[in-house]
Each structure stands twice: as structure tokens, then as C-alpha cells.
Amino acid sequence: MTIVAASRVSPRRGGTGVRWLIGRLGGLLFVLWAAATLTFFALRLIPGDPAEALLGGPGSQASDEALAAAREEYGLNQPLWMQYLAQMGRYLLLDFGTSYSLREPVSSVIAEQFPGTLLLASLALALAWVLAITVAVWSARSGRIAGALGSALEVVAVALPHFWLATSLVLLFSTTLGWLPPISGRSPSGLVLPVITLAIPLAGFLGQVMRESLLNALSSPFAQSARTRGETATGVIWRHGLRHAALPAIGLSGWAFGTLVSGAVVVETVFARPGLGRTLLSAVQARDIPLVTGTVLVVALAYSLVTTLTDVLDRIADPRLRTEANA
């Protein structure tokens, strides 16, 4: 009987996993197509001639003959729909083209700049989690006054703009105290202020979600049962409550990664740190269509992969999701 039951259940579980993977792959392809399409048409709405960007920008004073030759070479004289189809075809072949402003393959530029942004975003996400857990546990253990203070800190942190926070940190730790460099570069010490700048607003948001979930978990029946078995208050929080409190924050980590990458545009510019965000800003200003589109596609791909990873972690941390999937 056991063997028969197992033979009936296993294909069902395998089929559920395959359907989930197919759904995620379909969603990934749709996100990439939508990002490429929106970026293509949005850049065409920017005033100006893309051919001028090819020849050094509006200040290059290129002749009409040079502009016509550039349009002919890059297909900019074709109808918009033909340009769109040609670009989508190149993306299917993983050909991102050549940067107008840098005169380098877009794939090479992204490969050089993306690791720095990925490191910055990853460290900021880790620090945000540490800060959110710390404030949530402290406010949950210390009573109503601590809870109100923790809630106020979270609201203030969420409301802090990245550019204001970055400027304030530079004035305090670089100009006044002289502890940290104002220019990030690639040194380890140069990472501290950019990471803190990105982490604090995100920590406020994650902390709000986590603190409410932790308070609900601590008042639930399984927490009461743990106390009746002699579990200490610390044990109830760390062994039982925190796991349930972290579930909503895990689900939001994919969205959080996207906000960190977008925030990196401001942070990398303020701290003069090499990275994909600063490269994207420069490319938009230069109307560098291949570099902008390639960067957006890579960011969309990274966001989709991180979101998929958070879904997997959700299933691991919450047995109810696995039960529902196999039902």
C-alpha cells in the first residue's frame, strides 16, 4: 500500500515543480521583453536625434552628411517598427550592440560595471536585514515604549531620501570626523557609506513588516505552548517567533533588491563609485540607446532571478506553501 501511494504522489509533486518552473521561465521572458520594449520606445520619445549621440552629442557640430551616414549605418533611417524588430532580433542572438558614447561592446561594459553594483546591493540588503531584525526583536522584547520608539525609527528611516542621507553621512563621517573617504572608488572602506545609505531606508520598511509579524507570532498558540513547556522569552523569539516573522520579509526581498539597484543610480553618483547605476545615468544623458537598453535588460534579469530565489526560500521556510503546491 505504501509503495502504491508513493507512486501516485511522486509524479504529482514532480509535475507541480515542473509547472512552477515553466511558469517562472515564462514570467522571466515576459519581463525581459516588456523591459526591452518599454525602454526602446521611451528612448525614442526623448527629444533629439540618436545619430547625434553616435557622433559625440549635440555639441559635436556634425555635418548633415555625417549624420545621414550614421543613420544609414545603424538603421536609424528605417521606420520605427523595423528598428524595433531588428533590435529584438539582435537580443535573441544575445547581441547588445556597441555603446555610442564609449565605443565598446555593451556586454563588455556591463560585465565590467555590474559586479560592483551587485556587491553594493547585496551588502546593503544583508545590512538592512540585520538592522530590521535587531529593531524588531528589541522592540518586541522591551514593551510598548520600545515598540513605539521602534515604529517611529522605522517610519523616519523609510522616509529618508537616498541623496539627502548620502550627503549627511559624507558631512558627518568624512568632512567632520574624517573617518571614511567621501569618494567610494573600489576600496573596502569606500563601501561603508554607500552600503549604509542604501540599507537604512530599506531596513525601516523591512522592520515594519517584520515587527508586526513577530508580535503576531508571539501571541499565537504555538508561542504560548512553547512558554508552557518552559521555553525562555529569548528562546520563544529566536526559535519560534522570528522564523514566522521573517516570512513576509523574505517574500519582499526580491522587490527590495530592485529598489537597491535603482537607488544605486543616486548612491554611485554621489560617492563617485563605479557601477551599473552610474553607467546607466551617464548613458541616458548621452542618449546611448544600446547601453541603456542592455543595462535595463541585465537589471530586469537580475531582479527576476532574485525574485525566483526568494520564492524558493519562501517554500523552504514555510511548509504550508509546499503543502498547498502538492495538494
Peer 1: What side-chain donor-acceptor pairs closer than 3.5 Å can you find for residues 119-130, not counting sequence neighbours?
Peer 2:
unit_1: S122; atom_1: OG; unit_2: L118; atom_2: O; d: 2.7
unit_1: W129; atom_1: NE1; unit_2: S253; atom_2: OG; d: 3.3

Peer 1: Please round to the nearest 0.5 Å and tell me the distance separating atom OG1 of T279 and atom CG of L291.
Peer 2: 6.5 Å
Peer 1: Working to the nearest 0.5 angstrom, can you tell me the gap between L301 CG and L28 CG?
Peer 2: 6.0 Å
Peer 1: Shared ILVMFWY cluster between Y303 and L276, side chains joined below 4.5 angstrom?
Peer 2: no
Peer 1: Taking only distance into account, with no hydrogens and no angle test, what donor-acceptor pairs under 3.5 Å do side-chain atoms of residues 154-173 form with protein atoms, sequence neighbours excluded?
Peer 2:
unit_1: E154; atom_1: OE1; unit_2: R211; atom_2: NE; d: 3.2
unit_1: E154; atom_1: OE1; unit_2: R211; atom_2: NH2; d: 3.1
unit_1: E154; atom_1: OE2; unit_2: R211; atom_2: NE; d: 3.4
unit_1: T167; atom_1: OG1; unit_2: F163; atom_2: O; d: 2.8
unit_1: S168; atom_1: OG; unit_2: W164; atom_2: O; d: 2.9

Peer 1: Using modelled atom types and a 3.5 Å cut-off, is there a donor and acceptor pairing between side-chain atoms of S174 and backbone atoms of L180?
Peer 2: yes
Peer 1: Is there a donor-acceptor pair under 3.5 Å between the side chain of T39 and the backbone N or O of A36?
Peer 2: no
Peer 1: Contact between P290 and D288 at the side-chain level, heavy atoms closer than 4.5 Å - yes or no?
Peer 2: yes
Peer 1: Using the test ring pair (Phe, Tyr, Trp, His ring centres under 6.0 Å), find all partners of F114 that sit at least two apart in sequence or belong to another chain.
Peer 2: none
Peer 1: State plainly whether one hydrophobic cluster holds both V31 and L280, where clusters connect Ile, Leu, Val, Met, Phe, Trp and Tyr through side-chain heavy atoms under 4.5 angstrom apart.
Peer 2: no
Peer 1: In residues 85-93, what donor-acceptor pairs under 3.5 Å come from side-chain atoms, sequence neighbours left out?
Peer 2:
unit_1: Q87; atom_1: NE2; unit_2: Y91; atom_2: OH; d: 2.9

Peer 1: Throw together a table of side-chain donor-acceptor distances under 3.5 angstrom for residues 190-210, partners on residues two or more places apart or in other chains.
Peer 2:
unit_1: T197; atom_1: OG1; unit_2: L193; atom_2: O; d: 2.7

Peer 1: For T98, give me all partners under side-chain contact (heavy atoms from CB on, under 4.5 Å), at least two apart in sequence or on another chain.
Peer 2: none
Peer 1: To the nearest 0.5 Å, what is the distance between CD on E104 and CD on E112?
Peer 2: 7.0 Å
Peer 1: Working to the nearest 0.5 Å, report the span between CD1 of I289 and OG of S99.
Peer 2: 11.5 Å
Peer 1: Does any non-hydrogen side-chain atom of L149 lie less than 4.5 Å from one of W138?
Peer 2: yes
Peer 1: Go through the structure and list residues passing side-chain hydrogen bond (donor to acceptor under 3.5 Å, both in side chains) with T117, not counting sequence neighbours.
Peer 2: E268
Peer 1: Using the test side-chain contact (heavy atoms from CB on, under 4.5 Å), find all partners of L80 that sit at least two apart in sequence or belong to another chain.
Peer 2: F40, F41, R44
Peer 1: Considering residues at least two apart in sequence or located in another chain, which fulfil the side-chain hydrogen bond (donor to acceptor under 3.5 Å, both in side chains) criterion with W179?
Peer 2: none
Peer 1: Which residues pass the side-chain hydrogen bond (donor to acceptor under 3.5 Å, both in side chains) test with S282, sequence neighbours left out?
Peer 2: none
Peer 1: Supply the atom-to-atom distance L94 CG to S107 OG, rounded to the nearest 0.5 angstrom.
Peer 2: 9.5 Å
Peer 1: Which heavy-atom pair separates V106 from G294 by the least distance, and what is that distance?
Peer 2: CG1-CA, 4.2 Å
